[in-house]
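In the text below, chain A, chain B and the rest are named by the order of the sequence lines, each starting its count at 1. Quick note: numbers below take in every heavy atom, side chains included, and nothing from hydrogens, waters or symmetry partners.
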Amino acid sequence: MPASAAKQLLDHYDRHARALPWRSPPGSPPPDPYFVWLSEVMLQQTTVATVTPRFRRLIERWPTIDALAAAPDEEVLMEWAGLGYYARARNLIACAREVAARGGFPPSESELRKLPGLGAYTAAAVAAIAFGARAVVIDTNVARVIARYRGIKQTLQESRDDIRKHADAMTPTDRPGDFAQAMMDLGATICRPRRPACSICPLSADCLALASGAPEEFPATKLKRERPHRHGLAWWIERDGAIWLVRRPARGMLGGMAALPGPEWGDDVPTVQRQASISHGFTHFTLELHIARRAEPVGEGWWQPIDHLAEAGLPTLYAKAAGTMLERKEVLAA
DNA sequence: CAAGCGTGGTA
DNA sequence: TTACCAAGCTT
């Protein structure tokens, strides 16, 4: 990429940067590292639209990393409910406590990379955006922009090292944080996976994929495996206006989250008499969750008042299941 | 290095 | 409706 391309991109960013609650305006001093880190972790595989209101809630409740570090695990997991990829929340807690104990975030990419939940992307992003370091920030947006600009048609898995070389070559010493965000904005709003808006792209003049006539064919995508179908059973145990909830094991699916009790999921349909069933799609399988009534509590847990079920911090799967059961109840009562 | 790990929006 | 995909990390 010609050196002028980075400048073109920054000029475009100065005029078109999206205003986001964790972002400071182009060219202005960097935001609080806590805000940068928190937003970056929330944004891992999660859209800006989903993250924005949840970010506001989190920083309102815990305005500093010391406040977050002092919060009980369950409170943080409850605030994360519905956001998915719950290992992020567990890492978030561990990272907050480590950073609070050492008195703040380390400013270097290599030290940031050692913190729980910070991989290659997030460490580089925090170093560049919060500390102004010249870190090479590569997410799927950046990788796609580069693949198109340089006309690299291989899959991103195949071209990973090549993409990194190009990204390193184009990253400026001045304003590396704004540059990273400009690349990501470009990928999210103009150089989109499908139907890229090349006519308004600041890099279109030198884009090899556009010159080829079919920019959306860059980079190639590999076919996904078919998702298997699994079955699960959840117990609906109701007593005196409350539901019996349990906490899932810390590791694995929905690790550490509140849940309806039930055995591990498997390939076979449960044989018990069920009240309802719901379907839920996960990343690598779909689940049909069968719901059955039961009188006695199972396992370690607590009674959650139905009036306050929304505050239990149920992940979406169990929130759906509970919603289905409560809806049936209302229909029967009517 | 590929698989495991959530959820909601879009076409 | 199915399929794809989003500011990835961990093992």
Atom-pair distance (NE2 on A/H280; P on B/dG6), nearest Å: 9 Å
Any non-hydrogen side-chain atom of A/W265 less than 4.5 Å from a side-chain atom of A/H231? no
Under 4.0 Å between any heavy atoms, over every strand shown, what does A/R90 touch: base, sugar-phosphate, or nothing? Just pick one. nothing
Can you check the A/Q45 CD to C/dC5 P distance for me, whole Å? 12 Å
Of the options C/dG8, C/dT10, B/dT7, whose atoms approach the side-chain atoms of A/T122 most closely? C/dG8
Would you indicate which nucleotide in C/dT10, C/dA7, C/dG8 comes nearest to any side-chain atom of A/R23? C/dA7
Selection from C/dT10, B/dG4, B/dG6 that lies nearest to any side-chain heavy atom of A/H284: B/dG4
A/R160 has a side chain; which of C/dA6, B/dC1, B/dT7 sits nearest to it? B/dC1
Using the six-membered ring of A/F285, assess whether NZ or CZ of A/R230 lies under 6.0 Å from its centre and within 45 degrees of the ring axis. yes
Distance test, side-chain N/O of A/R225 to OP1/OP2 of B/dG4, below 4.0 Å: yes
Could you please name the option among B/dG4, C/dT10, C/dA6 that lies closest to any side-chain atom of A/R144? C/dA6
Nearest heavy atom decides the nucleotide; on that basis, is A/P116 or A/T47 closer to the 5' end of DNA chain C? A/T47
Minimum-distance nucleotide (side-chain atoms of A/Y121 versus C/dC5, C/dC9, B/dT7): C/dC9
A/H280 vs A/F282 aromatic rings, parallel, tilted or perpendicular, using cut-offs 30° and 60°? perpendicular
No-hydrogen, no-angle side-chain donor-acceptor test under 3.5 Å, A/Q181 and A/R23: yes
Considering only heavy atoms and no angle criterion, is a donor-acceptor pair shorter than 3.5 Å present between the side chain of A/T283 and the base of B/dG6? yes
Of the candidates B/dT7, C/dA7, C/dC9, the side chain of A/T316 sits closest to B/dT7
What is the distance, rounded to the nearest whole Å, between atom CZ of A/R194 and atom P of B/dT10? 11 Å
Is any N or O donor-acceptor pair between the side chain of A/T46 and the base of B/dG6 shorter than 3.5 Å? yes
Counting only side-chain heavy atoms from C-beta out, which of C/dA7, B/dC5, C/dT11 sits nearest to A/R18? C/dA7
Counting the atoms with a prime plus P, OP1 and OP2 as sugar-phosphate, which does A/G82 contact under 4.0 Å by heavy atoms, base, sugar-phosphate, or nothing? sugar-phosphate
Please classify the nucleic acid contact of A/W37 as base, sugar-phosphate, or nothing, using heavy-atom distances under 4.0 Å. nothing
For A/M184, which contact category applies under a 4.0 Å heavy-atom criterion: base, sugar-phosphate, or nothing? base
Does the distance from a Lys or Arg side-chain N to an Asp or Glu carboxylate O, for A/R194 and A/E216, drop under 4.0 Å? no
